[in-house]
Amino acid sequence: PVRHQIGPKRFLRGEVAGAVVAFLRATKPATAKQLRVQIGCGHATLFHALEDLRLARAVHVVGQLEPNGGRPSALYGLCK
(Lines give C-alpha, C1' and ligand atoms only; values in the text may rest on other atoms or scores of the structure.)
Protein backbone atom coordinates (compact mmCIF):
# COMPACT_ATOMS: atom_id res chain seq x y z
CA PRO A 1 0.00 0.00 0.00
CA VAL A 2 1.07 3.57 -0.68
CA ARG A 3 1.42 5.71 2.40
CA HIS A 4 1.05 9.44 2.14
CA GLN A 5 3.56 11.20 4.30
CA ILE A 6 2.24 14.05 6.34
CA GLY A 7 3.99 15.53 9.25
CA PRO A 8 7.52 16.89 9.63
CA LYS A 9 8.53 16.91 5.95
CA ARG A 10 5.30 18.55 4.78
CA PHE A 11 5.58 21.08 7.62
CA LEU A 12 9.21 21.82 6.72
CA ARG A 13 8.25 22.44 3.08
CA GLY A 14 5.66 24.95 4.25
CA GLU A 15 8.22 26.71 6.42
CA VAL A 16 10.71 26.81 3.56
CA ALA A 17 8.04 28.13 1.17
CA GLY A 18 7.27 30.92 3.67
CA ALA A 19 10.96 31.73 4.01
CA VAL A 20 11.33 31.86 0.20
CA VAL A 21 8.47 34.34 -0.11
CA ALA A 22 9.82 36.47 2.75
CA PHE A 23 13.32 36.49 1.25
CA LEU A 24 12.10 37.37 -2.24
CA ARG A 25 9.92 40.17 -0.83
CA ALA A 26 12.91 41.67 0.95
CA THR A 27 15.37 41.32 -1.92
CA LYS A 28 15.58 41.02 -5.67
CA PRO A 29 15.08 37.74 -7.60
CA ALA A 30 17.40 34.94 -6.53
CA THR A 31 18.74 31.63 -7.79
CA ALA A 32 17.94 28.33 -6.09
CA LYS A 33 21.50 28.22 -4.73
CA GLN A 34 21.17 31.71 -3.25
CA LEU A 35 17.85 30.71 -1.66
CA ARG A 36 19.33 27.49 -0.22
CA VAL A 37 22.26 29.37 1.33
CA GLN A 38 20.06 32.12 2.81
CA ILE A 39 17.33 29.81 4.10
CA GLY A 40 19.60 26.94 5.12
CA CYS A 41 17.68 24.04 3.64
CA GLY A 42 18.49 21.10 1.39
CA HIS A 43 18.21 21.00 -2.38
CA ALA A 44 15.23 18.62 -2.49
CA THR A 45 13.28 20.53 0.16
CA LEU A 46 13.79 23.81 -1.68
CA PHE A 47 12.90 22.23 -5.03
CA HIS A 48 9.58 20.94 -3.65
CA ALA A 49 8.82 24.26 -1.92
CA LEU A 50 9.50 26.17 -5.17
CA GLU A 51 7.27 23.74 -7.07
CA ASP A 52 4.47 24.25 -4.51
CA LEU A 53 4.86 28.03 -4.82
CA ARG A 54 4.94 27.84 -8.62
CA LEU A 55 1.74 25.79 -8.71
CA ALA A 56 0.13 28.32 -6.35
CA ARG A 57 1.26 31.06 -8.76
CA ALA A 58 3.21 32.80 -6.02
CA VAL A 59 6.67 32.40 -7.58
CA HIS A 60 7.88 32.13 -11.17
CA VAL A 61 11.11 32.16 -13.14
CA VAL A 62 11.83 35.79 -14.03
CA GLY A 63 15.07 35.24 -15.94
CA GLN A 64 18.42 33.58 -15.71
CA LEU A 65 21.99 34.42 -14.85
CA GLU A 66 24.53 34.68 -17.61
CA PRO A 67 26.13 31.26 -18.04
CA ASN A 68 29.77 30.95 -17.08
CA GLY A 69 30.65 27.59 -18.53
CA GLY A 70 27.65 25.61 -17.29
CA ARG A 71 23.92 25.65 -17.44
CA PRO A 72 22.50 29.11 -16.63
CA SER A 73 20.83 29.42 -13.24
CA ALA A 74 17.15 30.34 -13.17
CA LEU A 75 16.20 33.47 -11.24
CA TYR A 76 13.06 33.13 -9.12
CA GLY A 77 10.84 36.08 -8.27
CA LEU A 78 7.40 36.73 -6.85
CA CYS A 79 4.37 36.85 -9.11
CA LYS A 80 2.55 40.16 -9.16
Side-chain angles (χ1 to χ4, degrees):
V2 176
R3 293 185 183 191
H4 297 283
Q5 184 169 7
I6 52 176
K9 285 192 177 184
R10 177 71 65 183
F11 180 72
L12 178 61
R13 263 171 54 183
E15 282 189 344
V16 170
V20 167
V21 170
F23 181 76
L24 292 175
R25 271 194 190 129
T27 65
K28 57 187 179 196
T31 65
K33 183 176 182 179
Q34 291 168 331
L35 290 167
R36 278 197 331 267
V37 168
Q38 290 298 317
I39 295 168
C41 67
H43 175 79
T45 303
L46 179 66
F47 173 80
H48 289 294
L50 285 171
E51 183 65 10
D52 291 345
L53 289 167
R54 189 188 66 76
L55 291 173
R57 294 190 170 129
V59 168
H60 68 272
V61 175
V62 297
Q64 54 185 297
L65 289 180
E66 291 295 320
N68 58 355
R71 183 170 53 173
S73 299
L75 287 170
Y76 295 93
L78 295 176
C79 293
K80 294 182 180 183

Any pair counted as salt bridge (charged side-chain N to carboxylate O under 4.0 Å, His left out), so long as it reaches residues 54-80, sequence neighbours left out
E51-R54

With a cut-off of 6.0 Å (strictly less than), are more than 12 heavy atoms of other residues, nucleotides or ligands near CZ of F47?
no

Just grab all the salt bridge (charged side-chain N to carboxylate O under 4.0 Å, His left out) pairs involving residues 28-42, residues at least two apart or on different chains.
none

Give the other cluster members for L75, using side-chain heavy-atom distances under 4.5 Å between Ile, Leu, Val, Met, Phe, Trp and Tyr residues; answer none if it is isolated.
V62, L65

Pairing residues for Q38 by the side chain to side chain donor-acceptor pair (under 3.5 Å) criterion, not counting sequence neighbours
none

Examine I39 and V61 and state if one hydrophobic cluster contains both, with Ile, Leu, Val, Met, Phe, Trp and Tyr joined whenever side-chain heavy atoms are less than 4.5 Å apart.
yes

Which heavy atom of A17 sits nearest a heavy atom of A49, and at what distance?
N-CB, 3.9 Å

For the student: nearest non-hydrogen atoms of H60 and C79, plus distance
ND1-SG, 3.0 Å

Candidates T45, L50, L35, D52 - the one meeting side chain to side chain contact (heavy atoms under 4.5 Å, CB included) with V16
T45

What closest approach, in Å, do L46 and C41 show between heavy atoms, and which atom pair accounts for it?
CB-SG, 3.7 Å

Under the side-chain contact (heavy atoms from CB on, under 4.5 Å) test, which residues partner A58, sequence neighbours left out?
L53

So which atom in F23 and which in A30 form the shortest heavy-atom distance, rounded to 0.1 Å?
CE2-CB, 3.8 Å

According to side-chain contact (heavy atoms from CB on, under 4.5 Å), who are the partners of R25, at least two apart in sequence or on a separate chain?
V21, L78

